[in-house]
Number of protein chains: 2
Amino acid sequence: MLDFDPTGLHAKLDDAKTAARALATANTAAKDSALEAIAQELLAHVDEIVAANAEDLARGRENGIGTGLLDRLTLTPQRVHALADAVLDIVAIADPVGESVRGKTLPNGVHLEQVRVPFGVVGAIYEARPNVTVDIAALALKSGNAAVLRGGSAAESTNAVLVSVIQGALVRAGLPAASVQTIDEYGRPGASALMRARGYVDLLVPRGSAQLIQTVVTESTVPVIETGAGVVHILLDASAREDWAVDIVRNAKVQRPSVCNAVETVLVHADAAARLLPPVLGALREQGVTIHADARARAIFPDAVPAVEEDWETEYMSLDLAVRVVDVLDEAIEHIRRYSTGHTESIVTNDLGNADRFLAEVDSAVVMVNASTRFTDGGEFGFGAEVGISTQKLHARGPMGLPELTSTKWLVRGSGQIRR
Amino acid sequence: MLDFDPTGLHAKLDDAKTAARALATANTAAKDSALEAIAQELLAHVDEIVAANAEDLARGRENGIGTGLLDRLTLTPQRVHALADAVLDIVAIADPVGESVRGKTLPNGVHLEQVRVPFGVVGAIYEARPNVTVDIAALALKSGNAAVLRGGSAAESTNAVLVSVIQGALVRAGLPAASVQTIDEYGRPGASALMRARGYVDLLVPRGSAQLIQTVVTESTVPVIETGAGVVHILLDASAREDWAVDIVRNAKVQRPSVCNAVETVLVHADAAARLLPPVLGALREQGVTIHADARARAIFPDAVPAVEEDWETEYMSLDLAVRVVDVLDEAIEHIRRYSTGHTESIVTNDLGNADRFLAEVDSAVVMVNASTRFTDGGEFGFGAEVGISTQKLHARGPMGLPELTSTKWLVRGSGQIRR
C-alpha cells in the first residue's frame, strides 16, 4: 500500500467526473459494445487474472484469513468465464437511461417530462470479492455511471488487473478509460476520502459485512444506499398449513444459509406450536440445522439448545435457527419490530385478517404471505441484475435493479412562457 | 433553553416511532379529519399564537436580528388564517400512501406488488419560520409520517404554541399527540442529536440558509434530502428571440428575487450580445436591478458594475444579476457546470440542436428551453403542495410533492411457493 496521496485520488475523482459526462450521453449501443468488449478482454486475459489472484491468495494464506474468505477471494479460469457471462447478461437488460417516468403539458403550454438520467459517479466499497469489481463496473456502465471502486487490500492484485483489463476494453470501445477506476492503492485513507468526496461521488454503495456497511453509513457525507444485513423472520400462524410451513421454513433456512434472505428466526403461534414444531423442526434437524429455542418450544421439541437474547439479534448465515413461541399476532409483530433488520419477513397463515395485518404492520422492505423469504432477490423479481438489496427507505427499498442506479431530471420545453 | 437532556429527547423520539405506527395504518379519512381539526384549532387560538409570536419578535429585536428575518418570523392574525387555509389545501391533495407503484405475478404464481408507505418519522430542521412548523406538520401527517421539528430558538415561543395547538387537534381527531412534536427546547445539542438519531429518524429535511443545509448534510448520519440553494442560469443563445429573452429574464429575476428559482446569472452568446443585452438589461435596470457584468458585456451595456469571481458563485436573492458573454455553447455549459448548484437552468434559443444539447448535457434538477426558471415549483408543476426543491440526486430531484415523503415496500402473496 502506498502512502496516502490525496492529490492522486482527487485527480482520479476528477477523471471520473469527466468520464461520467461522456457516459451520460453515450447511447445504449455504445455501452453494450463496451460491455461485449469487457467480456472478450476478460476471457483474453484469464491467465493474467488468475496469476494476480494467486498473489492475493498467497498473501491471504500468510495473513491467516479464513477459508470462507479465501473461497470468495478465489478466481479460477472457470469463475472468470462466469464473470464474462455475467457481463454479457447485462447487455440483455433494458437501459434505464432516458426512460420517461412521467410528463404532462401545463395549461399554459409548457411541457414537462421527467426522465431517468445516470447519477454520475457511483462509488463502491466492498471486501475481498473480485467478482464485485466486474459486477459493479458492468452495472454502472450500463446505467451510464462512472465507477470508482475500493475493493480492499486483500484483493488488491486481482482488482488491479481486472480494472486494467476493463479499461483496455473501454478504450477499444471508444469510451473513457476512467469510466471504471480502482482506488485500492490509497488504502483505508482512500476509502475514507471517498466517503467524504461531496461534489465528486453522487452515490456510494457499500457491499459486505454488517460492520463495513455500518462504517460507510456513519462516516459518509456523500449519499449512501445501505444494503444488506437480514435478520429474517417467518411467523407460523395458528392456522398455518403444515406442508407449507415445513416447505417454506426448510427452503428459507437450508437452500442457501449464507445469504441475506435466508430465515434466521421462526416464530410460532402457541396454538399451533404442538402441531407444527415437530414436523418443521424435525425436517430441519434432518438437514443438520441447529435449533436455538426458547423454553416453550423446547418443551415441545427437546432436540434444541436454549436460545439466549443474542440469538434473536443474530444473522447466523449458517445452519442455525432461532425459534420462539408467541401467544398473539401482536407479540410476533413486536418481536419483529425489535429484532428485524427490515429486510424480509413472511407469515404462513390461512387467516385473511392476520395476513392483511402482517402485510400492513410489518415495516420491512419485503413482507410476504405464504412464500419463502428466498424470493427476495433481483433475479427472482425479474430485474435481470441485482445491484444489492436495500434495507433503507430513501431512494430504493428491497431488491435493486438498474433503474435504482439512476436519478431523474425534469426537461421543460416552452415557447416564451413566463410565470404570472 | 434548558440544558440538554438526551433522556427526554430520546423519549420524544420513542413516542414519535410509536405514533408513526398508528399513522402508517390510519386511512385517508382519518388523516383528513385531523387536518381539518388542525385548521379549526389554529383559528380558535389566533390570539394565543400571536401573543407567543410577540415574545419571539421582542426577543428578536433585542438580539438585533435583521428586518428580513423579523418579517419571516412574524405571524399576524391574517397570516394564521393563511396557515389554516394552507392546511385545508392539503386535505384536497391525493394521499400517496397505499398507491400501487408496480406489480406482477411471477410464473410460479407468486404475486408481487410495490406500494407506497410512509417513511415513519420525518425530522425537519429550519430557521425562524413558524409557517414551516404548520406546513411540514400537515404534509407529514397527510403522508402518514410522524414529524419531529426543530424550528430554531428565534421562533421557540411561537413553535411551542403551534405544536401544542396541533397536538390538541390531533387528539380530538383520535390520532396520537406525538404525531407532531418539537424539540426546540433541547437547543443546538438537540438538533445535533436529531441528525444522528439512526433508527429513529427515517428522513431529515433541512430548510433554510445554504449554511444550515450544509451543516445538516455534513453532520447527519440519518438519511437527508438536500433542498435549496439555487445559483440559477439563463443562457441567451445566438438565435434567441428578443421578446422571449426580455420576458423570460425579467420574469426570472424580478418577479420574486428572494426565492431559489430566481435567476442569478445570464450568459449571452457573443453573436447576440450586441442585439440582446441592451433590451434585456435595459428592462432590468428599469426595475432597479444592479447588473454585475464582465468586460465584454460592459462594453455593450456600460450601466453595470464589474463582475468579480465571487459574482458567479453567489445566490444573490436580491435585485442583482451577473452577466457574462460566452463564445460557444460549450463555454456556457462549462460555466454552468462550474458554478451551478444544480437547481434550474434555461436556454433561450431557436436552434434545435443547441436546445437538445443543453437539455442533455446540463446536469441540473430542472433544465428548460424557452421558459422562465420561476416555473420550478411544486405548485406550478401541479403537485398541490411543495415539500421543497431537492438539489440532490438520491430519492427525489427537483420539486417534491407528497409522494416524495413516502418510501415503498414490496407485498408478496404466495400459496406455499418455495425457491427452486
Side-chain angles (χ1 to χ4, degrees), chain A residues 21 24-25 104 106 110 112 114 117 119-120 198 202-203 217-218 221 223 225 241 243-244 247-248 250-252 255 346 355 359-361 363-372 374-377 380-382 392-395 397-399 407-419, chain B residues 21 24-25 104 106 110 112 114 117 119-120 198 202-203 217-218 221 223 225 241 243-244 247-248 250-252 255 346 355 359-361 363-372 374-377 380-382 392-395 397-399 407-419:
Chain A
R21 281 176 218 145
T25 54
K104 65 176 162 186
L106 301 180
V110 167
L112 310 177
Q114 188 182 31
V117 295
F119 270 106
R198 282 193 70 81
D202 297 291
L203 175 66
V217 165
T218 311
T221 60
I225 291 189
R241 271 176 61 161
D243 54 344
W244 290 4
D247 286 351
I248 288 172
R250 181 170 46 200
N251 185 250
Q255 197 203 22
S346 184
L359 289 172
E361 295 180 30
D363 185 26
S364 295
V366 185
V367 190
M368 301 180 166
V369 175
N370 294 329
S372 169
R374 292 274 296 123
F375 285 116
T376 298
D377 175 272
E380 294 291 318
F381 275 36
Q392 73 178 39
K393 294 183 183 175
L394 199 72
H395 185 73
R397 197 175 190 204
S407 180
T408 56
K409 79 179 176 190
W410 286 94
L411 306 180
V412 176
R413 294 175 171 95
S415 47
Q417 286 88 345
I418 61 172
R419 188 159 163 189
Chain B
R21 280 175 218 146
T25 53
K104 65 177 161 184
L106 300 181
V110 167
L112 309 177
Q114 188 182 31
V117 295
F119 270 106
R198 283 193 70 81
D202 297 291
L203 176 66
V217 165
T218 310
T221 59
I225 290 187
R241 273 177 58 161
D243 53 345
W244 290 3
D247 287 350
I248 287 172
R250 181 171 47 201
N251 184 250
Q255 197 203 22
S346 184
L359 289 172
E361 295 180 29
D363 186 25
S364 296
V366 186
V367 190
M368 300 180 166
V369 175
N370 294 327
S372 168
R374 292 274 296 123
F375 285 115
T376 298
D377 177 271
E380 293 290 319
F381 275 37
Q392 72 178 38
K393 294 182 182 176
L394 198 71
H395 185 72
R397 197 174 188 204
S407 181
T408 55
K409 78 179 176 192
W410 287 95
L411 307 180
V412 176
R413 294 174 170 97
S415 47
Q417 286 87 346
I418 60 170
R419 188 159 162 191

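Quick caveat: nothing in here was measured; it's all calculated off a predicted structure. Below, chains carry the letters A, B, ... as their sequence lines are ordered, and counting in each starts from 1.
The shortest distance between side-chain heavy atoms of A:T25 and B:E361 falls below 4.5 Å. In this structure, the side chains of B:D202 and A:Q392 stay at 4.5 Å or more apart for every pair of heavy atoms. Side-chain atoms of A:K393 and B:L203, non-hydrogen and from C-beta on, never get closer than 4.5 Å to each other. Counting heavy atoms from C-beta outward, A:W244 and B:S415 have side chains that approach closer than 4.5 Å. With a 4.5 Å cut-off on side-chain heavy atoms, A:Q417 and B:D247 do not count as touching. Contact check for B:V412 versus A:V369: no side-chain heavy atoms found under the 4.5 Å cut-off. Residues A:L394 and B:L394 meet the side-chain proximity criterion, which asks for heavy atoms closer than 4.5 Å.
Only the side chain of B:R21 comes within less than 4.5 Å of a heavy atom of chain A; its backbone N, CA, C and O stay farther away. Both the backbone and the side chain of B:I418 come within contact range of chain A, judged by heavy atoms closer than 4.5 Å. For a residue to count as touching a neighbouring chain, one of its non-hydrogen atoms must lie under 4.5 Å from one of that chain's; by this rule A:S346 does not touch chain B. Contact annotation for B:R198: only side-chain heavy atoms (C-beta onward) come within less than 4.5 Å of a heavy atom of chain A. Only the side chain of B:N251 comes within contact range of chain A, judged by heavy atoms closer than 4.5 Å. Contact annotation for B:D243: neither backbone nor side-chain heavy atoms come within less than 4.5 Å of a heavy atom of chain A. For B:V117, the part lying near chain A is the side chain, with the backbone staying farther off; criterion is any non-hydrogen pair under 4.5 Å. B:T376 does not touch chain A: none of its heavy atoms, backbone or side chain, sits under 4.5 Å away. When heavy atoms are compared at a cutoff of 4.5 Å, B:V366 approaches chain A by way of both its backbone and its side chain. Contact of B:A24 with chain A is not made at all, since no heavy-atom distance falls under 4.5 Å.
Across B:Q255 and A:R419, no two heavy atoms sit closer than the pair NE2-O, 3.2 Å. Contact record, B:G398 with A:W410: CA-CD1, 4.5 Å, taken as the closest heavy-atom pair.
Note on B:R374, B:K104, B:R413: by heavy-atom pairs under 4.5 Å with chain A, the leading option is B:R374. Between chain A and the residues B:A365, B:A371, B:P399, the largest count of heavy-atom pairs under 4.5 Å involves B:A365. Top candidate by heavy-atom pairs under 4.5 Å with chain B, chosen from A:T218, A:T221, A:L106, A:L112, is A:L112.
Panel note: side chain B:K409, backbone A:R397; no donor-acceptor pair is recorded below 3.5 Å.
Not counting sequence neighbours, the partners of B:T408 by the side-chain hydrogen bond (donor to acceptor under 3.5 Å, both in side chains) test are B:Q114.
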